[in-house]
Trainee: 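Mind having a look at this structure? Questions to follow.
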Amino acid sequence: MKHSRIINCGTTRYSRIPPLRPGPILLAFTLALLLPQSLHAVDSENCLMCHRFRGLARVDKEGDYRLFYVDEKLFSQGPHARVSCKGCHADIDKIPHDGAKPVDCLRSCHIEEPTREIIFTHSKVREHLEGSVHALTADDGTPRSHADDFPGCKDCHDIPLFRPVSLFKTVRAGVSDRAISRCVVCHSDEHFTRYFYSHVTTRMHKARDSREVVAMCSSCHADAALAKRHGLPDVVSSYLETYHGKAVLLGSTLAPDCLDCHSSKGNIHEMRAGTDPRSSVHPDNRAATCSAQDCHSSAGPALASFDVHATRNPATHKLEFGVGMFFVIMTLAILLPILTLNVLGLIRELLPSHEAEEEIERLTEFAENRAVADGGLKRFTREHRLQHAFLVTVFVVLCLTGFPMKFPEASWAPTIYQLFGGIRGAPIVHRVAGVSLVIGFIFHVGMILLNVARSLAREGKLSIVNWIKAVLALPMIPKPQDAKDIVTLVKYVFFLSPRRPNYGRFSWKEKLEYLGLFWGIALLAVTGVLLWAESLSTRVLPGWVLNVCYLAHTYESILAAAHITLVHIPGVIGRPGVSPLSSMIVNGNISPRALAEEHGGEIINWTPAEEVK
């Protein structure tokens, strides 16, 4: 018995192929003839008599599995619905037929072009293809190497289907029955009318969804071996790293896909290499392509220097590589030491020194007496708590509307994005939250500076010099004592000293987080505004600045989220005796014990040192 190899979905297996028997074939013909003729009324050659069966398949001489089933319903929804089978398969002249020859899509079809009543043909496409980057021959006529790598008609037009759209008062997918009802008043053949309507309205917008276009181009350009053979860069992953690519993955129909840039003018079959002066992405034409009416119409010429396919490869994009390395090093330099000290600090709390325990008990007693006298230990005012709640809310919204854009291929990204209106609503929410954060930040800083000025004015000491000194003396500003506290902490967590640090009003960790807000909010605000208002920013700045802004905005967001998730939350509400929530968030009061453990230096400042000792 004959054995043959079957290739299916990337896997290889072997199957026994039984010899053909005439009985089942004759039975199939008989059953097909007895079926209602309406099922294949448009099939004048009765090809569907066999090809209507889903199991019609065989293994060819190369051992590949070939399926010959034709879905009549799908076929009738595409541009070939009115083309007879022999219009493409002209070599078939009998049934059952021998092996069919490959279809030449550029030959004349057996269908009349309705506006001029002439035989329709795709032959003009050949002229466009011969001058494109996908041509099998170079401009001088010499054959290109690896000819099998170049796409044929069916590599791109694999599933030709209509995408009609209703333009009757509203824009929606599908055929407009109200429009058809008007057409059939004169054009009595409703089948032809629907076909012609579907054809025309499909041509009024993209024939393919943007995600399908990207997937189609990726079938070749994402092939690492093919790209290496032809010296092509990694354009697929670099495109998917941009806002354009991420928006397409999240379902945007407005974001540009490959064809919008690489064949923005003329026929898409005329796509040319980027080095060709006639190409829409040639350096001399890129500005016009980017500033097209449907794209960045008001952008400056400098937008053309924005590299859509930028990577972090040090050999080709040194600037982007440097920016990425800076943020990676900074993130590790900030998080690793703090995480290490936090973990060691928790271990040390389980094994405290006798001296540290006694000191905490003494400070707790003083704090309790102060709490009784003052009716509680107020640490945060109502204004502070409201600002904190505002910051938490805005931060969460920014994360929920930002990170799905960073990771659009994650399974959770579309679900979260839909909570904020999808690709059209979530970016707006993100920008509103970003503007709110900046306004809140400006209000916070302004109130601090204003309160300092008011305090100096009450004392009659208001001057620029005194005002600067007073600002630098604020408890959130780092002092030399903070460096001493870090050294004391390192000694304590490594069991080199029995003495733990007594922080003042704010510890060095809290000061670092606070000043980190200044750095983070300012950086995210500047880069976010430049990216948001690219039409204005590219009138005064070169386009490569946007590449840097994109990387900085992304990496700083990851750093902020990582710090809050790994450092702030575990360090604030994950400590023993504090979880699940500190009372300071609710009423602004801190417990005497927590104050003694976390801010013993503040208690010492209340009381004479000798009394505490």
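Computed over heavy atoms, backbone and side chain alike; hydrogens, waters and symmetry mates excluded.
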Trainee: Is it the case that more than 12 heavy atoms not belonging to K511 sit under 6.0 Å from its NZ atom?
Mentor: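 Atom NZ in K511 is packed in, count exceeds 12.
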Trainee: Side chains of P408 and Y417: does their closest heavy-atom pair fall under 4.5 Å?
Mentor: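 They are not in contact (no side-chain heavy atoms under 4.5 Å apart), so the answer is no.
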Trainee: Determine, step by step, whether K406 and E241 satisfy the salt bridge (Lys or Arg N to Asp or Glu O under 4.0 Å) criterion, reporting the C-alpha distance in whole Å, the side-chain angles of both residues, the deciding distance to 0.1 Å, and the verdict.
Mentor: CA-CA 8 Å; K406 172 59 183 173; E241 274 291 312; 3.6 Å; yes
Trainee: Shortest non-hydrogen contact from G434 to L398?
Mentor: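 Minimum heavy-atom contact is N-CD2, 3.6 Å.
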Trainee: Taking S218 for the side chain and V214 for the main chain, is one N or O donor matched with an acceptor at less than 3.5 Å?
Mentor: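 Here the side-chain-to-backbone pair exists.
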Trainee: Step through the shown structure and confirm whether more than 12 heavy atoms of other residues, nucleotides or ligands are within 6.0 Å of CZ on R499.
Mentor: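 Not buried by this count: 12 neighbours or fewer within 6.0 Å.
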Trainee: With a 3.5 Å distance limit and no angle check, can you tell me whether T393 reaches the backbone of A389 through a side-chain donor-acceptor pair?
Mentor: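 Indeed, once roles are kept as given, a pair shorter than 3.5 Å links the two residues.
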Trainee: In Å and rounded to the nearest 0.5 Å, what is the CG to CH2 distance from L559 to W519?
Mentor: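 One gets 9.5 Å once the value is rounded to the nearest 0.5 Å.
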Trainee: Quick one: does any side-chain atom of T289 pair with a main-chain N or O of S280 as donor and acceptor, under 3.5 Å?
Mentor: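 Judged by distance alone, yes, a pair lies under 3.5 Å.
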Trainee: Any sub-3.5 Å donor-acceptor pair from N369's side-chain atoms to E365's backbone N or O?
Mentor: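 Yes.
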Trainee: Please state whether the rings of H430 and H553 are parallel, tilted or perpendicular, taking 30° and 60° as the class boundaries.
Mentor: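 Aromatic pair H430/H553 classed perpendicular.
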Trainee: Counting C-beta onward and ignoring hydrogens, is there a side-chain heavy-atom pair between S353 and R500 closer than 4.5 Å?
Mentor: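 They are not in side-chain contact.
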Trainee: Could you walk me through whether H444 and Y514 pass ring pair (Phe, Tyr, Trp, His ring centres under 6.0 Å), step by step?
Mentor: CA-CA 12 Å; H444 175 77; Y514 184 72; 5.8 Å; yes
Trainee: For K378, is the NZ atom crowded, meaning more than 12 foreign heavy atoms sit under 6.0 Å from it?
Mentor: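 Yes.
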Trainee: Using the side-chain hydrogen bond (donor to acceptor under 3.5 Å, both in side chains) definition, which of the options K509, E513, H563 pairs with H568?
Mentor: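 Exactly one candidate clears the test, E513.
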Trainee: State the CG-CZ distance between L531 and R431, to the nearest 0.5 angstrom.
Mentor: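 The distance works out to 9.5 Å.
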Trainee: Over all heavy atoms of both residues, which pair between T565 and A561 is shortest? Give the atoms and the distance, please.
Mentor: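 Heavy atoms only, the tightest pair is OG1-O, 2.7 Å.
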Trainee: Is the closest basic N to carboxylate O distance between R593 and E598 below 4.0 Å?
Mentor: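 Result for this pair is no, no salt bridge flagged.
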Trainee: Should we say atom NZ of K479 is surrounded by more than 12 heavy atoms from elsewhere, each under 6.0 Å from it?
Mentor: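 Counting other residues, nucleotides and ligands, NZ of K479 exceeds 12 neighbours.
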Trainee: Please report the shortest heavy-atom distance between G274 and S279, naming the atom on each side.
Mentor: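 Minimum heavy-atom contact is CA-OG, 4.0 Å.
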Trainee: Strictly below 4.0 Å, N to O, side chains only: are E602 and R370 in salt-bridge contact?
Mentor: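 A salt bridge is absent here (no side-chain N lies under 4.0 Å from a carboxylate O).
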Trainee: Grab the two heavy atoms, one from A287 and one from P301, that are nearest each other, plus how far apart they are.
Mentor: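 Looking at all heavy atoms of both residues, the closest pair is CB-O, 4.1 Å.
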Trainee: Could you check whether atom CZ of R385 has more than 12 heavy atoms from other residues, nucleotides or ligands sitting under 6.0 Å from it?
Mentor: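 Yes, enclosed.
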Trainee: So, taking the atom named CD1 in I334 and the one named CG in L512, what distance separates them when rounded to the nearest 0.5 Å?
Mentor: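 Separation between the atoms: 6.5 Å.
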Trainee: Would you tell me whether H384 and T381 have side-chain atoms, one donor and one acceptor, within less than 3.5 Å of each other?
Mentor: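 Result is yes, a qualifying pair exists.
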Trainee: Could you tell me whether the side chain of D485 and the main chain of T488 form a donor-acceptor pair under 3.5 Å?
Mentor: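 Answer holds: no.
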Trainee: Does the cation-pi check pass for R348 over F495, that is, NZ or CZ under 6.0 Å from the six-membered ring centre and within 45° of its axis?
Mentor: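 So R348 does make the cation-pi contact.
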Trainee: Is N589 close to L377 at the side-chain level, that is, under 4.5 Å between some pair of heavy atoms?
Mentor: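 L377 vs N589: side chains apart.
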Trainee: Just how far is it from atom CG of L551 to atom OG1 of T527, taken to the nearest 0.5 Å?
Mentor: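 It is 10.5 Å, given to the nearest 0.5 Å.
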Trainee: Can you confirm whether the side chains of S463 and N466 place a donor and an acceptor under 3.5 Å from each other?
Mentor: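 Yes, a side-chain donor-acceptor pair sits under 3.5 Å.
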Trainee: Please find the pair of heavy atoms, one from C399 and one from P404, that lie closest to each other, and give the distance.
Mentor: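 Minimum heavy-atom contact is O-CD, 3.7 Å.
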Trainee: Is there a side-chain contact between I347 and V493 (heavy atoms, below 4.5 Å)?
Mentor: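 Heavy-atom side-chain distance check fails, nothing below 4.5 Å.
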Trainee: Any side-chain heavy atom of L400 sitting closer than 4.5 Å to one from L419?
Mentor: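 No, their side chains stay 4.5 Å or more apart.
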Trainee: For the backbone of G504 and the side chain of H599, can you confirm whether one donor and one acceptor N or O come within less than 3.5 Å of each other?
Mentor: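 Yes; judged by distance alone, with no hydrogens or angles, the pair exists.
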Trainee: Could you state the interatomic distance from OG (S210) to CE (M216), rounded to the nearest 0.5 Å?
Mentor: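 CE of M216 is found 10.5 Å from OG of S210.
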Trainee: Which heavy atom of E357 sits nearest to which heavy atom of P352, and what is that distance?
Mentor: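 Here E357 and P352 meet closest at OE2-CG, 3.5 Å.
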Trainee: Please tabulate, for side-chain N and O atoms in residues 447-460, each donor-acceptor pair with protein atoms closer than 3.5 Å (sequence neighbours left out).
Mentor:
unit_1	atom_1	unit_2	atom_2	d
N451	ND2	M447	O	3.1

Trainee: Can you tell me how far CH2 of W532 sits from OG of S537, rounded to the nearest 0.5 angstrom?
Mentor: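 So the OG of S537 and the CH2 of W532 are separated by 12.5 Å.
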Trainee: Are N502 and E597 packed together at the side-chain level, in the sense that at least one heavy-atom pair is separated by less than 4.5 angstrom?
Mentor: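 No, too far: nothing below the 4.5 Å cut-off.
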Trainee: Name every donor-acceptor pair, under 3.5 Å, that has one atom in a side chain of residues 317-331 and the other anywhere in the protein, sequence neighbours excluded.
Mentor:
unit_1	atom_1	unit_2	atom_2	d
H317	ND1	T311	OG1	3.3
H317	NE2	D307	OD2	2.8
T331	OG1	F327	O	2.7

Trainee: Compare all side-chain heavy atoms of C549 with those of F306 and state whether any distance is below 4.5 angstrom.
Mentor: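 The answer is no; the side chains never approach within 4.5 Å.
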Trainee: What verdict does the side-chain hydrogen bond (donor to acceptor under 3.5 Å, both in side chains) test give for S237 and D234, after you've listed the backbone C-alpha separation in whole Å, the side-chain angles of each residue and the deciding distance to 0.1 Å?
Mentor: CA-CA 6 Å; S237 62; D234 183 8; 2.3 Å; yes
Trainee: Determine whether the aromatic ring centres of residues F518 and F441 are separated by less than 6.0 angstrom.
Mentor: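 So the answer is yes for these two rings.
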Trainee: State whether the number of non-hydrogen atoms from other residues, nucleotides or ligands found under 6.0 Å of D284 atom CG is greater than 12.
Mentor: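 Yes.
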Trainee: Is it the case that atom NE2 in H230 sees more than 12 heavy atoms from other parts of the structure closer than 6.0 Å?
Mentor: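 Counting other residues, nucleotides and ligands, NE2 of H230 exceeds 12 neighbours.
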Trainee: Is there side-chain contact between L226 and L232, with heavy atoms separated by less than 4.5 Å?
Mentor: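 Yes. Closest side-chain heavy atoms under 4.5 Å.
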Trainee: For L496, I'd like to know if atom CG has over 12 heavy atoms of other residues, nucleotides or ligands within 6.0 Å.
Mentor: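 More than 12 heavy atoms, drawn from other residues, nucleotides or ligands, come within 6.0 Å of this atom.
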